Amino acid sequence: MDAVVAISLIRTAAADLAMEPWQRPSDAYLVQLGLDALMADIEAPSLPLLAGLTRGEYPQARELFDLVLEELGLPLASEDLAKARWTAVQWWAGQLVACQLDPVHGAKLIYEQGAAELDYPDALHPIVDLARALDLPNDQPPDQQHIRDRVTSTARDLLATEAHQNPSL
């Protein structure tokens, strides 16, 4: 993960902290973001403290995450947040294509953390449809392997389309 992606994921999580309690990122996710940011060579005095929390210390994650945001001086203007979410979606898609992210989990991340927050852009409809197919009632179990393959293929198509529309990717 590079620094741009790590900052984008941090911005996205920061915005999500303002949501309803059941929609907020978990403490474990905030700790993982801290670890990912450290691995991307992002420097903030509280970042090693956040990344180093043990499970028993997870209740401290939100407070440390707030300190990290302050130390990094991350503004949360709506256009910055939208750009951050797109960066996160593109990174998750890249992780799917590289087989570094489980397709079911990746589809749900793109659906819940990307598409839902970006007001369901047309470019993400194919992955959203696949993520929804995974949540069918139990009397209609989806063909998981087929959907996994389609998620990876759709992520590849998304990256190709985005690269074609934005050659700087």
Side-chain angles (χ1 to χ4, degrees), residues 1-40 42 51 55 58 61 65 74 76 78-169:
M1 175 182 305
D2 68 13
V4 172
V5 171
I7 292 294
S8 294
L9 292 172
I10 289 170
R11 280 187 173 148
T12 300
D16 291 345
L17 286 174
M19 299 175 88
E20 296 296 328
W22 62 87
Q23 296 173 308
R24 294 179 188 154
S26 69
D27 294 340
Y29 181 72
L30 296 178
V31 172
Q32 184 60 51
L33 278 178
L35 183 58
D36 291 343
L38 276 179
M39 301 285 287
I42 293 173
R55 286 189 196 266
Y58 279 7
F65 186 77
L74 292 177
L76 285 175
S78 60
E79 63 275 1
D80 289 339
L81 182 56
K83 193 182 293 187
R85 287 198 190 278
W86 269 111
T87 300
V89 164
Q90 291 166 340
W91 185 73
W92 288 321
Q95 293 294 295
L96 286 167
V97 170
C99 299
Q100 298 296 313
L101 180 61
D102 174 68
V104 171
H105 183 64
K108 288 182 179 185
L109 280 172
I110 291 172
Y111 171 34
E112 295 166 0
Q113 302 293 319
E117 299 302 323
L118 291 166
D119 200 25
Y120 301 100
D122 290 342
L124 299 181
H125 281 206
I127 289 182
V128 168
D129 292 343
L130 292 168
R132 287 178 177 158
L134 292 164
D135 289 332
L136 290 174
N138 289 339
D139 59 335
Q140 302 174 20
D143 178 356
Q144 288 262 338
Q145 189 56 50
H146 176 71
I147 291 176
R148 287 171 177 275
D149 295 342
R150 287 191 51 212
V151 166
T152 303
S153 174
T154 303
R156 187 177 296 109
D157 293 345
L158 173 67
L159 291 174
T161 302
E162 289 293 313
H164 179 69
Q165 292 175 352
N166 184 2
S168 66
L169 289 178

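These numbers come from the heavy atoms of this one structure, side chains and all, not from hydrogens, waters or symmetry mates. Just so we're clear, the structure is a prediction, and the values are computed from it rather than from any experiment.
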So, do Ile42 and Asp36 sit near enough that their side-chain heavy atoms are less than 4.5 Å apart? no

Test Val89 against Leu124 for side-chain contact (heavy atoms from CB on, under 4.5 Å), laying out the working first. CA-CA 9 Å; Val89 164; Leu124 299 181; 3.7 Å; yes

Is any side-chain heavy atom of Pro121 closer than 4.5 Å to a side-chain heavy atom of Trp86? yes

In Å and rounded to the nearest 0.5 Å, what is the CG to OG distance from Leu130 to Ser153? 9.5 Å

As a test of understanding, state which of Leu109, Leu101, Asp102 forms a side chain to side chain contact (heavy atoms under 4.5 Å, CB included) with Gln95. Leu101

With side-chain contact (heavy atoms from CB on, under 4.5 Å) as the criterion, how do Leu33 and Phe65 come out once you've worked through the C-alpha distance, each side chain's angles and the decisive distance to 0.1 Å? CA-CA 9 Å; Leu33 278 178; Phe65 186 77; 4.2 Å; yes

Heavy-atom closest pair, residues Leu158 and Ala93: CD2-CB, 4.2 Å

Output the distance between atom OG1 (Thr161) and atom CG (Asp122), rounded to the nearest 0.5 Å. 12.0 Å

Looking only at heavy atoms, which two atoms of Ile147 and Ala133 are closest? And how far apart? CD1-CB, 3.9 Å

Verdict with supporting geometry, Tyr120 and Tyr111, side-chain contact (heavy atoms from CB on, under 4.5 Å): CA-CA 8 Å; Tyr120 301 100; Tyr111 171 34; 3.7 Å; yes

Indicate the atoms forming the closest heavy-atom contact of Pro126 with Thr154, along with that distance. CB-CG2, 3.4 Å

Ignoring hydrogens, what is the shortest heavy-atom contact between Arg148 and Pro103? Give both atom names and the distance. NH1-CD, 3.5 Å

Do other residues, nucleotides or ligands put more than 12 heavy atoms under 6.0 Å from His105 NE2? no

If you take all heavy atoms of Ala61 and Asp27, which pair is closest and at what distance? CB-O, 3.8 Å

If you look at every heavy atom in Ala51 and Leu35, which pair is closest and at what distance? CB-N, 3.5 Å

Looking at Arg85 and Leu118, would you say the former's side chain and the latter's main chain have a donor-acceptor pair under 3.5 Å? no

From Trp92 CH2 over to Leu159 CG, what is the distance, rounded to the nearest 0.5 angstrom? 13.5 Å

